[in-house]
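One structure is given below, encoded as structure tokens.
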Amino acid sequence: MAAKQVTTTPFPDQKPGTSGLRKKVPVFRQPHYVENFVQAILDCIPEREGATLVIGGDGRFFNREVVQIAIKMAAANGLGRVLVGRDGLLSTPAASCVIRKHGAIGGIVLSASHNPGGPEGDFGIKYNGANGGPAPESVTGAIFERTKTISEYRIADAPDLDLGTTGTHEIDGMSVEIIDPVADYAELMRSLFDFEALTKLFASGFRMRFDALSAITGPYAKAILEDTLGAAPGTVVNGEPKPDFGGHHPDPNPVHAHELFDLMHGPDAPDFGAASDGDGDRNMIVAPGLFVTPSDSLAILAAHAHRAPGYAGGLSGVARSMPTSRATDRVAQKLGIEAFETPTGWKFFGNLLDAGRITLCGEESAGTGSNHVREKDGLWAVLLWLNILAATGKPAQDLVRAHWAEFGRDYYTRHDYEEIDSDAAKRLMEGLRAKVASLPDTTIGGMTVSEADDFRYVDPVDGSVTEAQGVRITFAEDARIVYRLSGTGTAGATLRVYIERYESDPARLEQPVAEVLAPVVAVARELADIEGITGRAEPSVVT
Ligand code: VG1
Ligand code: CO
């Protein structure tokens, strides 16, 4: 068999966003579209000759086809070995784990994560480096530059491989190992958590529900929670990965995971509820009768992580993305460790993790992770919660309330205005940017602006600078509003508005979230003239 050189022309729209290249499936299905982008990635790995590459995805529609293409292109581009998840499956955190464990040069991970799948849904391709983490901006920038000039790609002229059974194949001198997608990940979890205590917890009658939303985490959650730790069969629901996620929108929030949310707020709520997203890197945590915001979850995990064996030595530091509430900063202050604020997107945590400056990090969008891999990790967060519950013997809802009593509560909500006109979105952000300098000390809706800026990040490890990461406005009334545009959408623009208010009065820790935040929401709308500019009186999704 020989490699083919195929002549091609560039596509102008292959710029990676917050997390890889995401487009509608029909865009990816255009002739040469996938191949161009994969070749651009491979061209940006100069040391690829003879190296190992990991390939896998979240099982969504078009996953299998692209896995076959990526394998053949790796062979034609001089890679020595590829590790591929059985059936082409690998959750995002498992891919990160496999890259690190097997000394791979990187990985091609196929996913559009929390975006819906299916023939008219979304698809995505991202590249992770040798540390197992999303390629940093310097690399995604280079990949984009390469896509603009590409004139040919290389692909092995070989038949499709059977991905359904583990084993080793060969294509043009490159070895292809089909691996169990769960094994390495499960072993890593066993090394971090007290599996004996977790087994006892479930044996004592502790009940939980894990909703995999018909996405990738099902097989991982079943293997670990049910088969290893003895959780009752049926603990994991929607556990079979489906190409269209069974019609689910695989975004674990109270809106899209409403079945779990409703169960946890009903009379027969189990002791603990959790869900994960399309590619397994996000988590939603619900205690009986109490939704735990991802920002609170990060803070609570930071406060108690030392109870799990993998973190018994304490944390070196913590980081949160800028729009994530400041709850974790309060914990860091108490622990006497550093707290960092990064732009949205996991790629910004990589340097801090590699340098040992942080152990734990997270985002308000339900991503939490640690230095065990270089991606956010949904099931890991659930296991850390379970380990903490087992170690403290406290119900989850008590743990949350105890946290508020000690640190105060950051009331939090996010308003998404989806698929708005791209030009209007740009105008809105430009309007805000033009205003920030004059906002401090002005009063609006009874609140006084104390600080306002457009977030600019200077990486504390390599000094690289990332500009214009979102407008943040802080108020003297302990409230904050953040505005930014999504970098993962595939139609029009999505405006995200993050709204929070801190409350430390012990008598005001159990107020309805919407009520506490209503005045701040009103200010957020007025300041940016959201309705005037976008024509939308209400957000499309409130979480
Ligand atoms: C969103 C989230 C961000 C997350 C990113 C990828 O990005 O806000 O926190 O890192 O998705 O998550 P954006 O640019 O749309 O706000 V995943 O689980 O979809 O890969
Ligand atoms: Co995801």
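Values in this document were obtained by computation on a predicted structure and should not be read as measured data. Start at 1 and go down the list; that is how both ligands and their atoms are numbered.
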_Using every non-hydrogen atom in the two residues, find where S111 and D279 come nearest and quote the distance to one decimal._
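Where S111 meets D279 most closely, the heavy atoms are OG-CB, 3.2 Å.
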
What heavy-atom pair brings M264 and G273 nearest, and what distance separates the two atoms?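 Shortest heavy-atom contact: CE-N, 3.5 Å.
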
Among protein heavy atoms, which lies nearest atom 7 (O) of ligand 1, and at what distance?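 Checked against all protein heavy atoms, atom 7 (O) of ligand 1 sits closest to T488 CG2, 3.5 Å.
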
Identify the protein heavy atom lying closest to atom 2 (C) of ligand 1, giving its residue, its atom name and the separation to 0.1 Å.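 For atom 2 (C) of ligand 1, the nearest protein heavy atom is S365 OG, 3.5 Å.
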
Please identify which atoms of ligand 1 are closer than 4.0 Å to at least one heavy atom of [X].
X: R496; answer: 8 (O), 13 (P), 15 (O), 16 (O)
X: G487; answer: 13 (P), 14 (O), 15 (O)
X: K376; answer: 4 (C), 6 (C), 10 (O), 12 (O), 17 (V), 18 (O), 20 (O)
X: D277; answer: 18 (O)
X: S19; answer: 6 (C), 20 (O)
X: S113; answer: 17 (V), 18 (O), 19 (O), 20 (O)

* Check side chain to side chain contact (heavy atoms under 4.5 Å, CB included) between V255 and all other residues, then give those that pass, not counting sequence neighbours. =>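 Checked V255 against side chain to side chain contact (heavy atoms under 4.5 Å, CB included); matches are N253, V541, T543.
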
- Task: Mind checking the CD1-CD1 spacing from I300 to I388? Nearest 0.5 Å is all I need.
- Result: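 These two atoms lie 8.5 Å from each other.
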
To the nearest 0.5 Å, tell me how far S365 OG sits from H114 NE2.
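It is 8.0 Å, given to the nearest 0.5 Å.
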
message = For the CD atom on E240, are there more than 12 heavy atoms of other groups (residues, nucleotides or ligands in this structure) within a distance under 6.0 Å?
response =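 At most 12 heavy atoms, drawn from other residues, nucleotides or ligands, come within 6.0 Å of this atom.
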
Heavy-atom count around R209 CZ within 6.0 Å, excluding the residue itself: above 12?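 Count not over threshold, so no.
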
Region of [X] engaging ligand 1 - heavy atom pairs below 4.0 Å:
X: D281; value: side chain
X: H114; value: both
X: S486; value: both
X: N115; value: neither

Who's closest to atom 3 (C) of ligand 1 heavy-atom-wise, of D58, T494, T344, D122?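 Minimum heavy-atom distance to atom 3 (C) of ligand 1 goes to T344.
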
Judged on heavy-atom distance to atom 1 (C) of ligand 1, which of R484, E363, R282 sits nearest?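 Checking each option, the heavy atom nearest atom 1 (C) of ligand 1 is found in R282.
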
Decide whether the shortest distance between a heavy atom of S321 and an atom of ligand 1 is less than 4.0 Å.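 Not so, S321 does not reach ligand 1.
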
Check contact between R22 and ligand 1, using heavy atoms of the residue and a distance below 4.0 angstrom.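 R22 counts as a contact of ligand 1 under the 4.0 Å cut-off.
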
Could you tell me whether [X] and ligand 1 have an N or O pair separated by under 3.5 Å?
X: Y498; value: no
X: W346; value: no
X: K126; value: no

What I want to find out is whether D244 reaches K242 closely enough, with some N-O distance under 4.0 Å, to be called a salt bridge.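 Answer for the salt bridge query: no.
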
D87 with R64: basic N within carboxylate O range, under 4.0 Å
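The answer is yes: the pair qualifies as a salt bridge.
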
Next item on the list: Can you tell me which residue pairs pass the side chain to side chain donor-acceptor pair (under 3.5 Å) test with a partner in residues 417-435, sequence neighbours excluded?
Entry: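 Checked against side chain to side chain donor-acceptor pair (under 3.5 Å) - neighbours excluded - the pairs reaching residues 417-435 are R433-D454.
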
* Distance below 2.8 Å from the Co ion (ligand 2): protein N/O/S atoms ->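 Listed by chain and number, the atoms are S113 OG, D277 OD2, D279 OD1, D281 OD1.
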
Does the plane of the ring in [X] sit parallel, tilted or perpendicular to the ring in [Y]? Use 30° and 60° as the thresholds.
X: F123; Y: F62; value: perpendicular
X: Y457; Y: F455; value: tilted
X: Y311; Y: W380; value: perpendicular

Legend entry - Name of the residue among R330, R480, R326 meeting side chain to side chain donor-acceptor pair (under 3.5 Å) with D410: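 Of all the options given, the one that passes is R330.
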
Results of side-chain hydrogen bond (donor to acceptor under 3.5 Å, both in side chains) for R320 - residues two or more places apart only: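 side-chain hydrogen bond (donor to acceptor under 3.5 Å, both in side chains) check on R320 returns D329, E341.
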
